[in-house]
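Take a look at the structure set out below.
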Amino acid sequence: MKSLEDLKKLREQAQDRMTMRMDEEQKYRVVVGMATCGIAAGARPVLNALVEEVAKTKAPAVVLQTGCIGMCTLEPIVEVFDKNNEKTTYVLVDALKAKEIVEKHILKDEVIDEYTVGKYKK
Amino acid sequence: MDELSLNLLDIVQNSIHANATLITINVIDHQQMNCIGFEVIDNGCGMTDEQVSKVIDPFYTTRTTRTVGFGIPFLQQLADETDGELKLSSVLNSGTKLSLKLKKDNIDVPVMGNLADTLFTIIQANQTIDFYFKYLDDVHEFIFDSKEIKEILDGVDINSPEIILWIKDYIKEGLKNEIT
């Protein structure tokens, strides 16, 4: 059983690491639409998969949530912003695709064309 | 939505949008009491009586990205269809309280579903908001107080890899009996 005592130890670990790296971390911003439309379409498992995968692989990204992105029929939507605020929009994402986005886009800087909005809406 | 925990996630977004700084969430899933549902109490911007009467209409919304709002209408529909009860009260500039109580033995009442994912999703994204979460079922109770967690973390980002993974497991463990 986990206790809050464990958390204290982890805090120290995290503090040590925080002093070492700071800048590199925010290379990407990953934003998930979490309004009624997104949630109903399955955004919660997507968000959970993204957060878990980013944490496990220590990927250089911060995962954020937003409201309705505006294309409710294409939810769940995941937007990836790079340092220059260039945006890649992934649509109809599920937990597996979310993992792939972290593996390829965040860790290797490879855009996965077939999941992007451009493939669905011309 | 096929899980009550998804509706809960949706409703909590309203409180966040209302700039609440403290959100209290009580969840019950009790066979013996024949009761399943949740209560969300926030100290956000609140609504006027007129707004409260309007939110049940799906064509009323304050958002600007689209012209419909289905969060509360979904709950109202669910309560109507299953002989349950939805209560909404609000005071402008002081906060809103929503409570949904359903009968667990009604065949049209959805399951609670993955409550751990809902709680985790809320906490991950809203570090400036305090959450007091309480879960109760027939055999156990689980309390998650984000203030307590923040005190321990002492300024360390909740999204630090090891911290966020630990929190995920901690919540999962605490809610273990949710799927019956």
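Chain letters run A, B, ... following the sequence lines, proteins first, then strands; residues in each count from 1.
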- prompt: So, the side chain of A:Arg11 versus the backbone of B:Ile152: is there a donor-acceptor pair under 3.5 Å, distance only?
  reply: yes

task: Quick one: which of A:Val63, A:Asn48, A:Val54 has the most heavy-atom pairs under 4.5 Å with chain B, could you say?
output: A:Asn48

- line: One option among A:Val32, A:Val51, A:Leu64 has the most heavy-atom pairs under 4.5 Å with chain B, and it is A:Val51

query: Is B:Phe133 linked to B:Leu136 within one hydrophobic cluster, defined over Ile, Leu, Val, Met, Phe, Trp and Tyr using a side-chain heavy-atom separation of less than 4.5 Å?
result: no

message: Please give me the minimum heavy-atom distance between A:Ala35 and B:Asp10, naming the atom from each residue.
response: C-OD1, 4.2 Å

task: Heavy-atom distances under 4.5 Å only: say whether B:Asp2 touches chain A with side chain, backbone, both or neither.
output: neither

message: Would you say that more than 12 heavy atoms from the other residues, nucleotides or ligands in this model lie under 6.0 Å from the NZ of B:Lys87, or not?
response: no

Cluster overlap A:Leu96 with A:Tyr115, hydrophobic side-chain contacts below 4.5 Å: no

- prompt: Side-chain contact, heavy-atom cut-off 4.5 Å: B:Ile149 with A:Leu7?
  reply: yes

- prompt: Does CD in B:Glu141 sit with more than 12 non-hydrogen atoms of other residues, nucleotides or ligands closer than 6.0 Å?
  reply: yes

message: Would you say B:Leu98 ends up clustered with B:Ile28 if hydrophobic residues are merged whenever their side chains have heavy atoms under 4.5 Å apart, either directly or through other cluster members?
response: no

- request: Determine whether B:Val109 and B:Val111 fall in the same hydrophobic cluster, where Ile, Leu, Val, Met, Phe, Trp and Tyr are linked whenever their side-chain heavy atoms lie under 4.5 Å apart.
  value: no

query: Does any heavy atom of chain A fall under 4.5 Å from the side chain of B:Tyr170, the backbone, both, or neither of them?
result: both

- prompt: So what's closer than 4.5 Å to chain A heavy atoms on B:Asn14: side chain, backbone, both or neither?
  reply: neither

query: Just by distance, do the side chain of B:Gln124 and the backbone of A:Gln65 share a donor-acceptor pair under 3.5 Å?
result: no

- prompt: Looking at B:Ile11, B:Asn7, B:Leu153, B:Asp154, which makes the most heavy-atom pairs under 4.5 Å with chain A?
  reply: B:Leu153

query: Counting only heavy atoms not in A:Lys97, do more than 12 fall under 6.0 Å of its NZ?
result: yes

query: What are the two closest non-hydrogen atoms of B:Pro161 and A:Ala55, and how far apart are they?
result: CB-O, 3.4 Å

task: Check whether any side-chain heavy atom of B:Met1 lies under 4.5 Å from a side-chain heavy atom of A:Thr36, and answer yes or no.
output: yes

- prompt: So, A:Arg44 side chain and B:Leu9 main chain: donor-acceptor pair closer than 3.5 Å or not?
  reply: no

message: For the backbone of A:Lys2 and the side chain of B:Glu173, can you confirm whether one donor and one acceptor N or O come within less than 3.5 Å of each other?
response: yes

Which portion of A:Leu10 sits near chain B, non-hydrogen atoms under 4.5 angstrom: both

- line: Pair count under 4.5 Å, heavy atoms only, with chain B: among A:Ala43, A:Ala41, A:Pro45, A:Ser3, highest is A:Ser3

